[in-house]
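Written out below as structure tokens is the structure these notes cover.
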Amino acid sequence: MTLALYNSLTRRKERFEPLDPNRVRMYVCGPTVYDRAHIGNGRAFVVFDVLYRLLRDLYGKDHVCYVRNITDVEDKINAAARANNEPISALTARTIAAFRDDMAALGALPPDIEPRATEHIAQMIAMIERLIAAGHAYEAERHVLFAVASDPHYGQLSRRSRDEMIAGARVEVAPYKRDPADFVLWKPSAPEEPGWDSPWGRGRPGWHIECSAMSEAHLGESFDIHGGGLDLIFPHHENEIAQSTCAHDGRPFVRYWVHNVFLSVDSTKMSKSLGNFLTVRELLDEAPGEAIRLALLSAHYRDPLDWSEERLRQARRSLDRFYRALTLSRDPVFERFGEAEDALRPVKEALCDDLNTPLALSRLHELVGAINRTSSDAVRSALQRALEEGGRLMGLLQQDPLAWLQGSARDEARRIEAQIALRMAARRERRFAEADKIRAALAAEGVVLEDRPDGSTNWWRRE
RNA sequence: GGCCGGAUGGCAGAGUGGUGAUGCAGAGGACUGCAAAUCCUCGUACAGCGGUUCGAUUCCGCUUCCGGCCUCCA
């Protein structure tokens with residue numbers, strides 16, 4: 001099965017062919033660690049997590065290298081640390097730990113390498129020196145700037161001419177710039193700002209150079225996929241291309257650029273000033289991470305996604321349905337020896353078509369319908385396996401179905417099951433009023449009972 | 001102003017030049033002591049206007065509306 005990805009560089013869906021199928025390389029722009037991740041960050045990292053999982057499935061677990069950086073030097077970090085009156089290192093350490101917790105809760109696998117900008121200053125300085133030597137950068141008033149005019153291909157990703165970039169007149173026009181479009185590779189630090197010694201004095205890197213230096217350090221000059229949010233196309237990724245190709249004598253940088261579209265909240269752009277800024281942490285207090293993840297995957301990554309309570313509610317219902325199907329009885333022979341490739345194929349095909357997660361989810365639902373309809377344990381087992389594996393490709397359905405279905409009420413399983421036993425006895429003696437009273441009492445605390453044809457009773461939590 | 005995306009039934013959301021998406025919600029039925037779950041059946045959906053075509057929701061053009069980027073941003 002072949003993977004097709006929409007490439008922002010060519011504006012077309014293309015067949016994915018890695019440079020080296022034994023080492024498929026992907027770089028994704030990671031977080032700037034000054035604040036908790038919001039749900040929009042969550043979308044981006046969940047999307048690339050699905051791509052990572054799919055690549056691992058297609059090329060083998062040990063043949064994919066996923067690098068996601070951590071930006072731990074940046075002026076917003078300095079400002080936040082100052083506002084909190086704490087050392088920068090304390091802020092970044094705390095934020096990184098929180099970020100990892102949030103990603104784990106959303107079911108995102110850790111990347112293979114998580115490089116930190118502050119640990120790659122030497123590589124950045126070396127790359128800047130190469131750019132100066134090659135005539136693509138220049139020093140001016142203790143700054144080093146990239147000379148945009150020296151790169152004839154500048155603008156290829158965002159499809160902007162230099163005039164268009166300047167037309168907005170919002171580019172900072174510093175007196176030391178040769179060209180208003182030139183951007184900073186290195187800038188001086190005041191004594192209280194973080195800084196490193198360099199040939200241009202004590203200073204710190206500009207934003208864009210870190211990704212060029214870290215991708216080169218960990219993935220080499222040319223690699224397969226570079227991902228990030230749509231907003232990064234300009235200027236960040238445009239500048240990365242300029243830095244990397246110019247530092248590498250024009251050799252190709254990235255083959256497939258993949259960008260996810262934004263998330264809005266109740267049809268409005270998420271912003272702190274509007275008060276609709278949702279952090280992953282806040283959402284995790286309201287809903288299981290898996291439901292949040294499914295909600296994030298319920299729209300295609302290149303379409304806008306409008307976050308709402310209703311979407312989250314529907315995601316929970318979908319998981320109820322999936323997990324319920326996984327509790328139905330199985331065939332032990334199939335469980336040991338069976339294969340579910342045929343039933344899994346439609347799911348995988350949807351994902352291979354530019355990560356069509358909504359279509360893949362609908363195909364999981366079709367599997368559920370078939371599971372519920374069949375009377376054959378062997379057939380059901382195969383379909384259940386396909387459901388689990390399709391879920392795994394999307395980072396879903398990996399927990400014990402009862403853990404999902406019973407949720408927090410599991411802590412009280414003994415008490416609930418004792419009530420169920422009492423009710424069962426009442427039913428047996430046709431004291432239905434009494435049985436219904438027990439059902440109603442449990443229902444009042446959100447526990448739903450389901451009497452099976454074989455006389456047993458299942459229960460779960462309805463939230 | 002420049003560049004780039006969208007517009008599908010009550011909601012979410014795929015897809016396609018001519019037949020069914022899928023889920024949620026709703027209606028009816030089966031099953032059940034009652035439920036729940038499940039299954040079956042149902043809904044004259046493709047923003048508007050032109051064009052191409054035997055035929056367009058799908059291709060082309062225009063219009064309207066919505067969103068994003070151009071400044072830190074996933």
Side-chain angles (χ1 to χ4, degrees), chain A residues 8 11 28-32 34-35 37-48 71 74-76 79 155 158-161 163-172 207 227-236 238 259-264 267-272 294-306 308 310-318 320-322 324-325 327-328 350 353 356-369 371-375 405 426-427 430-433 435-436 439-440 443 447-453 457-460 462:
Chain A
S8 305
R11 306 257 162 97
V28 172
C29 288
T32 300
Y34 68 103
D35 201 358
H38 61 251
I39 186 63
N41 302 118
R43 180 184 200 191
F45 298 126
V46 164
V47 162
F48 289 106
T71 299
E74 219 267 342
D75 288 356
K76 266 179 296 187
S158 57
R159 312 243 166 142
R160 266 165 234 260
S161 69
D163 290 346
E164 283 165 359
M165 292 175 223
I166 299 161
R170 285 188 278 186
V171 178
E172 188 195 357
W207 173 34
L230 192 71
D231 54 321
L232 294 178
I233 288 179
F234 188 87
H236 185 55
E238 193 70 74
H259 294 97
N260 66 280
V261 168
F262 278 94
L263 173 149
S264 58
S267 312
T268 318
K269 182 176 170 159
M270 188 163 55
S271 81
K272 283 185 178 172
L294 194 151
L296 290 172
L297 295 176
S298 65
H300 185 90
Y301 78 93
R302 286 194 292 111
D303 281 328
L305 183 152
D306 190 41
S308 65
E310 175 59 17
R311 186 183 286 275
L312 191 54
R313 197 187 64 83
Q314 286 205 14
R316 284 182 187 223
R317 296 258 163 138
S318 288
D320 285 345
R321 188 168 133 92
F322 292 146
R324 225 180 267 131
T327 64
L328 300 179
D353 184 11
N356 194 337
T357 53
L359 185 59
L361 287 169
S362 80
R363 291 188 171 159
L364 293 185
H365 275 293
E366 284 172 352
L367 287 173
V368 170
I371 288 168
N372 289 331
R373 248 173 274 129
T374 187
S375 52
L405 292 168
R427 287 178 67 214
R430 305 192 68 78
R431 286 181 280 121
F432 292 122
D436 289 350
R439 180 208 291 287
V447 173
V448 179
L449 302 187
E450 176 187 324
D451 297 329
R452 317 275 333 277
T457 295
N458 288 348
W459 65 274
W460 64 77
R462 170 69 88 207

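Note on naming: letters A, B, ... go to the chains in the order of the sequence lines (proteins, then strands), and numbering restarts at 1 for each one. Only heavy atoms go into these numbers, but all of them, side chains included; no hydrogens, no water, no symmetry mates.
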Choosing from [options], which nucleotide comes nearest the side chain of [X]?
X: Trp207(A); options: A14(B), C72(B), G13(B); value: C72(B)
X: Phe234(A); options: C70(B), G13(B), A74(B); value: C70(B)
X: Ala435(A); options: A74(B), C24(B), G33(B); value: G33(B)
X: His300(A); options: C11(B), A14(B), A12(B); value: A14(B)
X: Arg427(A); options: C34(B), G20(B), G13(B); value: C34(B)
X: Glu310(A); options: U22(B), C72(B), C24(B); value: C24(B)
X: Leu359(A); options: A14(B), A74(B), C72(B); value: A14(B)

Over how many whole Å does the gap from [X] atom [atom1] to [N] atom [atom2] extend?
X: Asp436(A); N: C34(B); atom1: CG; atom2: P; result: 10 Å
X: Leu232(A); N: C72(B); atom1: CG; atom2: P; result: 11 Å
X: Glu238(A); N: C70(B); atom1: CD; atom2: P; result: 13 Å
X: Glu366(A); N: G13(B); atom1: CD; atom2: P; result: 18 Å
X: Arg317(A); N: G23(B); atom1: CZ; atom2: C1'; result: 12 Å
X: Leu230(A); N: C72(B); atom1: CG; atom2: P; result: 16 Å
X: Leu305(A); N: G13(B); atom1: CG; atom2: P; result: 7 Å
X: Asp306(A); N: G5(B); atom1: CG; atom2: P; result: 21 Å

Using atom [atom1] of each nucleotide, how far apart are [N] and [M] to the nearest Å?
N: A21(B); M: G15(B); atom1: C1'; result: 7 Å
N: G23(B); M: C62(B); atom1: P; result: 39 Å
N: G29(B); M: C46(B); atom1: C1'; result: 30 Å
N: U19(B); M: C24(B); atom1: C1'; result: 26 Å
N: G9(B); M: G51(B); atom1: C1'; result: 27 Å
N: G43(B); M: G28(B); atom1: C1'; result: 12 Å
N: U58(B); M: A47(B); atom1: C1'; result: 15 Å
N: A37(B); M: U44(B); atom1: P; result: 27 Å

Starting from the 5' end of RNA chain B, give me the residue, Asp303(A) or Gly40(A), whose nearest nucleotide shows up first.
Asp303(A)
Start at the 5' end of RNA chain B and walk down; is the nucleotide closest to Arg430(A) or to Arg302(A) reached first?
Arg302(A)
Note: Ala325(A) and Ile371(A) closest approach over all heavy atoms is O-CG2, 3.8 Å
With a 4.5 Å heavy-atom cut-off, do [X] and [Y] have their side chains touching?
X: Ser318(A); Y: Asp320(A); value: no
X: Ser298(A); Y: Gln314(A); value: no
X: Asn458(A); Y: Arg324(A); value: no
X: Val47(A); Y: Thr357(A); value: no
X: Asn41(A); Y: Pro31(A); value: no
X: Val261(A); Y: Asp303(A); value: no

Looking for any heavy atom pair under 4.0 Å, which part of the strands does [X] touch: base, sugar-phosphate only, or nothing?
X: His236(A); value: nothing
X: Leu263(A); value: base
X: Gly228(A); value: sugar-phosphate
X: Asn458(A); value: nothing

What about His259(A), does its side chain sit under 3.5 Å from the base of A74(B) through a donor-acceptor pair?
no
Do the side-chain N or O atoms of Arg363(A) get closer than 4.0 angstrom to the phosphate oxygens (OP1, OP2) of A14(B)?
no
Look at the side-chain N and O atoms of Asn356(A) and state whether any lies under 4.0 Å from the OP1 or OP2 oxygen of G13(B).
no
Could you encode protein contacts along nucleotides 35-40 of chain B as a string, one character per nucleotide from 5' to 3', using B for base contact, S for sugar-phosphate-only contact and - for no contact, with a heavy-atom cut-off of under 4.0 Å?
BBSSSS
Can you tell me which stems involve RNA chain B, if a stem is defined as three or more consecutive Watson-Crick or G-U wobble pairs, both distances under 3.5 Å?
B:1-7 with B:64-70, B:10-12 with B:22-24, B:26-30 with B:38-42, B:47-51 with B:59-63
Side-chain (Arg311(A)) to main-chain (Asp306(A)) donor-acceptor, under 3.5 angstrom
yes
Any donor and acceptor pair, going by atom type alone, linking the side chain of Asp353(A) with main-chain N or O of Ala350(A) inside 3.5 Å?
no
Do the rings of Phe322(A) and His365(A) sit parallel, tilted or perpendicular, given the 30° and 60° boundaries?
tilted
Does a donor on one side chain sit under 3.5 Å from an acceptor on the other, for Ser158(A) and Glu238(A)?
yes
About how many Å separate CH2 of Trp459(A) and CD of Glu450(A), when rounded to the nearest 0.5 Å?
13.0 Å
